[in-house]
Protein chains: 2
Amino acid sequence: MTIQESGTARPAGRPRSEKAEKAIIEATLDLIGEGMGVSELSIEAIASRAGVGKTTIYRRWSNKEDLVVDALATLKAPVPPLAGTSVRDDLISLLDTMRSEAGNPRSRCVINIAMSEADRYPQLMERFVKRAIEPRKAAMRDVIKRGIASGELRADLDVDMGMAILTGTMMWHTKWGPAGDLPADLAERIVDAALAGMTP
Amino acid sequence: MTIQESGTARPAGRPRSEKAEKAIIEATLDLIGEGMGVSELSIEAIASRAGVGKTTIYRRWSNKEDLVVDALATLKAPVPPLAGTSVRDDLISLLDTMRSEAGNPRSRCVINIAMSEADRYPQLMERFVKRAIEPRKAAMRDVIKRGIASGELRADLDVDMGMAILTGTMMWHTKWGPAGDLPADLAERIVDAALAGMTP
DNA sequence: CCGATACGCAACGGTCCCGTTTCGTAAACT
DNA sequence: AGTTTACGAAACGGGACCGTTGCGTATCGG
């Protein structure tokens, strides 16, 4: 009751280790990024990888799902800044962000989770979609609507279908395309192909 | 050495039950179709679901992967007969097969496996791709090439990119589209949108 | 009938993970 | 110094599966 009167009262005793918390979340993201499904994640594996006792994990999160939600929440927003000059360029930026993320082990978490755990953890997915998927969709929707308004895109274009084509084609390549890294010009080729269509 | 001289000699003793074998494979496909990943499949769960002893499974397959491969191999070829009248109609047929399969619990196996287990079981995927994916790709490739030759599609069209657009867009809908059943005219709308492109 | 094999079932020892508890130690406070 | 809480490590009882084995029964050929 002498000093430290300011702000929230610090609880007595040894404070929780920030470092341990970081290590736990890093370990969780590492494992997910390596392709491990949420259902196969084990607290023991996370603790071991993080160099931490299980106690330290259970003291902070009461179950695996809460931990995964918090871990995914630390991934930063995935929407790149858009030049706004042409719709084509902005679409390429959006898709190229997806492409580069496919090679980044940390961002790969987003893809792996979205791909594999859709049905099994609905509440996790709900929060996850809201945080990681919706911002991308909103950004792309804005660009497409802007293109329709400016005349760069056809007036009768189905916005949602356009988004599905662009996103779905890139997702297809990340998952079933030729093995190895995605070619640097993939986003550009997808956008140009989708814009041009297939008929003469 | 009296009768039954024809063909392969029947081994002595009680023959293996065809019914049990069927039940095991059905149970396996059921579980996969319900969204269970290969890594979460347990022999005990399969045996229980099939109403069969574990012995009966291990007598036939030495490990889970072999069983899954055999189970998936029983799924019949997924390529529909094509009318061959117009490229547009044939593409719609191909995509609509994918759409209807998304609602069929048995065929859903194909999607779930392809989505989730790509990395983890490479040899399983190899055989699986060869059997279930390649025939579809070949069929679609033929249709697109035919369209290019006939002038229905642009001469400079990238065949692989066209396939990625059509397939990827349908896959996107099956996984992340609005909840519930896919609309009956989805294949038609995708094909028309992809053919027309997005520019005026 | 008899030998051989498959069947379903139950039990085995072993491994992995669960969520909890105990222990000795470390780091903050009064 | 003394209190309080967090730490990593280890161990607990419990559960799910593993792959195997033994059991009594069923179904084939000879």
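Here is the naming used below: chain letters follow the sequence lines, and residue numbers restart at 1 for every chain.
- Under the 4.5 Å side-chain contact rule for hydrophobic residues, A/Leu29 and A/Ile57 share a cluster.
- Note: the hydrophobic cluster containing B/Ile113 does not contain B/Val79 (ILVMFWY, side chain heavy atoms under 4.5 Å, direct or indirect links).
- Side-chain proximity of A/Ile43 to the nucleotides D/dC7, C/dC7, C/dC18 is greatest for C/dC18.
- Atoms CG (B/Asn63) and P (D/dC17) sit 18 Å apart, rounded to a whole Å.
- Rounded to whole angstrom, the span from the CZ atom of B/Arg16 across to the P atom of C/dT5 amounts to 11 Å.
- The CH2 atom of B/Trp61 sits 15 Å away from the P atom of D/dC18 (whole-angstrom rounding).
- Atom pair A/Lys64:NZ and C/dC16:P shows a separation of 17 Å (rounding to whole Å applied).
- Under the 4.5 Å side-chain heavy-atom criterion for ILVMFWY residues, no single connected hydrophobic cluster contains both A/Met170 and A/Val129.
- When atom types are taken as modelled, the side chain of A/Arg60 and the backbone of A/Thr56 share a donor-acceptor pair closer than 3.5 angstrom.
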Check nucleotides 23-28 of chain D against the protein and report each pair of N or O atoms closer than 3.5 Å, with its distance, or say if there are none.
from   : atom 1 : to      : atom 2 : distance (Å)
D/dA26 : N3     : B/Arg14 : NH1    : 3.0

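- The backbone N or O of A/Gly84 lies less than 3.5 Å from a partner atom in the side chain of A/Asp90, making a donor-acceptor pair.
- Rounded to whole angstrom, the span from the CG atom of B/Leu41 across to the P atom of D/dA16 amounts to 17 Å.
- The CD atom of B/Glu21 sits 15 Å away from the C1' atom of C/dT5 (whole-angstrom rounding).
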Notebook entry, point to check: Using a cut-off of 4.0 Å between protein heavy atoms and nucleotide atoms, how would you tag nucleotides 8-14 of chain D 5' to 3' with B, S and -?
Noted result: SB-B---

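- Distance alone, capped at 3.5 Å, places no donor-acceptor pair between the A/Thr167 side chain and the A/Ala164 backbone.
- Ion pair B/Glu26/B/Arg49 not flagged as a salt bridge, since none of the NZ, NE, NH1 or NH2 atoms sits closer than 4.0 Å to an Asp/Glu carboxylate oxygen.
- A/Glu44 has its CD atom 17 Å from the P atom of D/dG15, to the nearest Å.
- A/Ile133 and A/Val38 fall within a single hydrophobic cluster, where Ile, Leu, Val, Met, Phe, Trp and Tyr are joined by side-chain heavy atoms under 4.5 Å apart, directly or via other members.
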Next item on the list: Might you work through the side-chain hydrogen bond (donor to acceptor under 3.5 Å, both in side chains) test for B/Ser42 and B/Glu44, ending with a clear yes or no?
Entry: CA-CA 5 Å; B/Ser42 78; B/Glu44 304 216 281; over 6 Å; no

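- Following rounding to the nearest Å, A/Leu67 (CG) and C/dC18 (C1') show an atom-to-atom distance of 15 Å.
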